[in-house]
Amino acid sequence: MNIDEPNAAPGRRSAFGEPPGSAVGLPLPAAFYDRDPALVARQLLGCVLRMVDGHGAVSGRIIETEAYLGPHDAACHAVAGRTARTWHLFGPPGIAYVYFIYGMHWCVNAVTREDGFGSAVLIRALAPLEGVESMRVRRPRARHDAQLCNGPGKLCAALGIDRSYDGASLTGASALTIHAGESITDDLVLVGPRVGISKAVELPLRFRCDSSRFPQPDAD
DNA sequence: CATTTGATGTTCT
DNA sequence: GAACATCAAATGC
């Protein structure tokens, strides 16, 4: 796979037997994540975050991300150093950094750059792809399917991501993975400052795209 | 519609 | 003790 174009057509479809139209590709390799988190955040748009448990696959296309650059970035958890909480944020590229926020929500990041450097990309929103029924069970208060995964806490609830996935590999051979998906051209990408940041520079580090342009999952 | 507020607990100052 | 990479219900138009 060419990590500079992870969603390019060749090799996009995986051999894992996804239903036709799921557009789930190969798991992204660790080298994909061993780069500038802002670039990784942009290129994760259109890729697929996927959880496989005893009940089957639950997944969604990534439609919003946020980059956290490193210890020099006042909004990044790495500013506090490598503590028990941020241990995996400083881990090798391609693992998950999962943390608990506001007393009730989990958030999942893809760790970027080399082992020992604390930077990551927060996965902020998904467009549901597989396992919508499981998502509805896990998020009974969501009134519409469009609201199952349209926030960082919501998508962790919908996929069942919690502390037990902190430090887990995202690159394959595990329950939680990120796969190549649909290519997102620049004209579909909206860029803005990070959400809810009072400190730190207001660089355009948030990336999002509209889910309506993607192939829709098969109706139930 | 938009804006405000309550829930809830960990982390850091 | 305050802040927090949030969510959903309640309130105000």
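In the text below, chain A, chain B and the rest are named by the order of the sequence lines, each starting its count at 1.
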Original post:
Would you say R124(A) reaches dT6(C)'s phosphate, i.e. side-chain N/O to OP1/OP2 under 4.0 Å?
Top reply: yes

**OP:** Scan nucleotides 7-13 of chain B nucleotide by nucleotide, 5' to 3', and note B when protein non-hydrogen atoms come under 4.0 Å of the base, S if they reach only the sugar-phosphate, - if neither.
**Re:** BBB-SS-

Original post:
What's the CG-C1' distance between L122(A) and dC4(C), to the nearest Å?
Top reply: 13 Å

Subject >> Spacing between N150(A) atom CG and dC7(C) atom C1', to the nearest angstrom >> reply: 10 Å

**OP:** May I ask you to check whether over 12 heavy atoms, not counting those of R163(A), lie within 6.0 Å of atom CZ?
**Re:** yes

Subject >> Lys/Arg cation over aromatic Y33(A): R35(A), 6.0 Å, 45° cone >> reply: no

**OP:** Look only at the side chain of R206(A) and the backbone of P193(A), and say whether a donor-acceptor pair between them is shorter than 3.5 Å.
**Re:** yes

**OP:** Please check if the side chain of E66(A) supplies one atom and the backbone of V195(A) the other of a donor-acceptor pair under 3.5 Å.
**Re:** yes

Original post:
Within this structure, what is the CG-to-P distance between D73(A) and dA5(C), rounded to whole angstrom?
Top reply: 11 Å

Original post:
Rounded to whole angstroms, how far apart are CZ on R141(A) and C1' on dA9(C)?
Top reply: 8 Å

Subject >> Polar side-chain atom of R113(A) near backbone of S119(A) as donor-acceptor pair, under 3.5 Å >> reply: no

Original post:
Once you round it to whole Å, what is the distance between C1' of dA5(C) and CG of L89(A)?
Top reply: 12 Å

Original post:
What is the distance from CG of D162(A) to P of dT6(C), rounded to the nearest Å?
Top reply: 18 Å

Original post:
Can you find a pair of side-chain heavy atoms, one from L122(A) and one from Y68(A), that are under 4.5 Å apart?
Top reply: yes

Subject >> Presence of salt bridge, R85(A) and D166(A), under 4.0 angstrom >> reply: no

Original post:
Rounded to the nearest Å, what distance is computed from the CD1 atom of residue I123(A) to the C1' atom of nucleotide dT6(C)?
Top reply: 16 Å

Subject >> All stems with DNA chain B, defined as three or more consecutive Watson-Crick or G-U pairs under 3.5 Å >> reply: B:1-7 with C:6-12, B:9-12 with C:1-4

**OP:** Before accepting this row, confirm whether a basic side-chain N of the pair D145(A)/R136(A) lies closer than 4.0 Å to the acidic partner's carboxylate O.
**Re:** yes

Original post:
Within this structure, what is the CG-to-P distance between L148(A) and dC7(C), rounded to whole angstrom?
Top reply: 13 Å

Original post:
Would H77(A) and Y99(A) count as a close aromatic pair, with their ring centres under 6.0 Å?
Top reply: yes

